[in-house]
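Just the heavy atoms: all of them, side chains too, but no hydrogens, waters or symmetry mates, feed the values below. Below, read A as the first sequence line, B as the second, and so on, with proteins coming before strands; counting in each chain starts at 1.
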Number of protein chains: 2
Amino acid sequence: MRLNSQDIHTRFRRHAVRVTRQRAAIYQALAETTSHPTANELYQTVKRQHPMISRNTVYYTLGVLRQAGLVQEVNVGHEVARFDGNVTVHHHLICLGCSQIVDVMDEALNQLAVSDGQARGFRILGHRVEFHGYCAGCQRAKLDAPQRSRQEH
Amino acid sequence: MRLNSQDIHTRFRRHAVRVTRQRAAIYQALAETTSHPTANELYQTVKRQHPMISRNTVYYTLGVLRQAGLVQEVNVGHEVARFDGNVTVHHHLICLGCSQIVDVMDEALNQLAVSDGQARGFRILGHRVEFHGYCAGCQRAKLDAPQRSRQEH
DNA sequence: TCTCTATCTAGGAATGATTCCTACATAGCA
DNA sequence: TGCTATGTAGGAATCATTCCTAGATAGAGA
């Protein structure tokens, strides 16, 4: 989703986040994609408009935006951290073949709870569901390739 | 759960995993705890009986055991990888304060599915639910401490 | 039980994501 | 508009994990 700079300014200030060109560009890059880019991918994208931007700024900014709740971090296995501009409650479908992450919005999944007997005194604030499998493309690719373990991730 | 070396031998061979003292010790260490230790914690534990063991062997062995399905890897946020000797289907309760991970066994959680409309052609093999919150200890600690963001992980 | 070989182990080096440090730049309050 | 707390760039540091390699060993087969 393309955002204009006024939108970004308003959102940032509402969360008490200082607005800089670099931050706006990073947030914009994240808002424009439904893939879940890594910090490095965002760095590469933003560098096209801001050739001087530092990788460090990208990391720092993602930390700021995450703490402000403007951005979400998604982690799959021990892979590199990925980021998601969609901060509504949602879940993920993860391809074990190509590591792509697809958003799943499903009200039923938002209602899950742990029985009191198993909660062990935890105060639960939220939950996240990850579905693991193979996307359509990787299923086709696997027809020719040898079987690999399901535990590979 | 304390396992004798015959049990371990049988399990390993059933999964075509070569048995060595180092591997048995690592697997034993994992079977004896319900916490979810990191590779380094396992290294420290095993080193007490095998002072010459290399950290590399721990990593390599955990990889072998994981591929064989004898061990599960659990990842929370972008934190260090943790391991779980419980390979039955189960889910996790994660403390945002102290990062402890507690197992949740709940048949209802094992039955989740994604609606066809959202599955986007994925063939789903499994799923995992993570509940995030604060354990009893951290709730008490927070009564005195200043509030921290829920997004911190 | 013995031999042989594929696989394991130890340990050091390499990798790569992320964080730390610091001097200069700037957003935005007053 | 000026001032100051905060952000940025960029280089160095950290640290989990992986790679590489020479010597050790599990276990299949004789």
Side-chain angles (χ1 to χ4, degrees), chain A residues 5-6 8-27 29 36-44 46-47 49-68 70-71 73-83 99 152-153, chain B residues 5-6 8-27 29 36-44 46-47 49-68 70-71 73-83 99 152-153:
Chain A
S5 59
Q6 186 54 54
I8 292 177
H9 200 284
T10 309
R11 277 190 207 188
F12 277 28
R13 296 310 300 160
R14 190 185 303 147
H15 292 262
V17 170
R18 274 207 192 179
V19 185
T20 67
R21 294 164 182 205
Q22 292 90 336
R23 288 178 175 189
I26 291 165
Y27 187 69
H36 296 69
T38 64
N40 191 52
E41 285 163 356
L42 286 167
Y43 169 64
Q44 300 298 338
V46 171
K47 204 162 60 161
Q49 297 143 48
H50 296 268
M52 297 302 288
I53 197 171
S54 137
R55 199 176 252 107
N56 192 8
T57 300
V58 175
Y59 277 104
Y60 182 74
T61 297
L62 287 170
V64 168
L65 296 179
R66 177 164 45 88
Q67 289 220 336
L70 285 162
V71 144
E73 190 172 335
V74 190
N75 292 87
V76 182
H78 48 176
E79 290 189 8
V80 175
R82 295 177 167 275
F83 295 86
S99 297
E152 64 200 9
H153 272 272
Chain B
S5 58
Q6 187 54 55
I8 292 177
H9 201 282
T10 309
R11 277 189 208 190
F12 277 28
R13 296 311 300 160
R14 192 184 302 147
H15 291 262
V17 170
R18 271 208 193 177
V19 186
T20 68
R21 294 167 181 203
Q22 292 89 336
R23 288 178 176 190
I26 292 165
Y27 187 69
H36 296 68
T38 64
N40 191 52
E41 284 163 357
L42 286 167
Y43 169 64
Q44 299 299 339
V46 171
K47 204 161 62 162
Q49 298 144 49
H50 294 268
M52 296 304 285
I53 198 170
S54 137
R55 200 178 252 105
N56 193 7
T57 300
V58 176
Y59 278 104
Y60 182 74
T61 298
L62 288 170
V64 169
L65 298 179
R66 175 162 47 86
Q67 290 219 337
L70 285 162
V71 145
E73 189 173 335
V74 190
N75 291 89
V76 182
H78 48 177
E79 290 187 8
V80 176
R82 295 177 169 276
F83 294 86
S99 297
E152 67 200 9
H153 272 267

**Message:** Output the rounded distance in Å from CD1 (Ile26(B)) to C1' (dA10(C)).
**Reply:** 13 Å
**Prompt:** Can you tell me how far the CG atom of Leu42(B) sits from the CZ atom of Arg82(B), to the nearest 0.5 Å?
**Reply:** 10.0 Å
**Prompt:** In Å, rounded to the nearest 0.5 Å, how long is the span from CG of Leu62(A) to CG of Leu70(A)?
**Reply:** 11.5 Å
**Prompt:** Which heavy atom in Gln49(A) sits nearest to a heavy atom in Ala25(A), and how many Å separate them?
**Reply:** OE1-CB, 4.3 Å
**Min side-chain heavy-atom separation Phe12(A)-Leu65(A) under 4.5 Å** = yes
**Request:** Find the distance between OG1 (Thr38(A)) and CD (Gln44(A)) and round it off to the nearest 0.5 Å.
**Result:** 8.5 Å
**Item:** Any donor-acceptor N or O pair under 3.5 Å, side chains Thr61(B), Gln22(B)
**Value:** no
**Prompt:** Tell me: OH of Tyr60(B) to C1' of dT25(D), nearest whole Å?
**Reply:** 13 Å
**Request:** Could you state the atom-to-atom distance from NZ of Lys47(B) to C1' of dT9(C) in whole Å?
**Result:** 16 Å
**Message:** Rounded to whole Å, how long is the line connecting atom CD of Gln22(A) with atom P of dG10(D)?
**Reply:** 11 Å
**Exam field: side chain Arg23(B) to backbone Arg18(B), donor-acceptor pair closer than 3.5 Å** = yes
**Request:** Without swapping roles, check the side chain of Arg13(A) against the backbone of Val17(A) for a donor-acceptor pair under 3.5 Å.
**Result:** yes
**Item:** Atom pair distance, as rounded to whole Å: NE2 in His50(A) and P in dA9(D)
**Value:** 9 Å
**Fill in**
OG (Ser54(B)) and OH (Tyr59(B)) are apart, to the nearest 0.5 Å, by 10.5 Å
**Asked** Among Thr20(A), Val64(A), Val71(A), Val46(A), which residue meets the side chain to side chain contact (heavy atoms under 4.5 Å, CB included) test with Ile26(A)?
**Response** Val46(A)
**Fill in**
Going 5' to 3' through nucleotides 25-30 of chain C and flagging B where a protein heavy-atom sits under 4.0 Å of the base, S where only the sugar-phosphate is that close, and - otherwise, we get -BBSS-
**Message:** Return a single string for nucleotides 11-20 of chain C, one symbol per nucleotide in 5' to 3' order, where B is base contact, S is sugar-phosphate-only contact and - is none, cutoff 4.0 angstrom on heavy atoms.
**Reply:** BB----SBBB
**Asked** Could you spell out the base pairing of DNA chain C in dot-bracket, with Watson-Crick or G-U pairs whose two distances are under 3.5 Å, [ ] crossing and | to another strand?
**Response** ||||||||||||||||||||||||||||||
**Item:** His78(A) side-chain N/O to Ala81(B) backbone N/O, donor-acceptor pair under 3.5 Å
**Value:** no
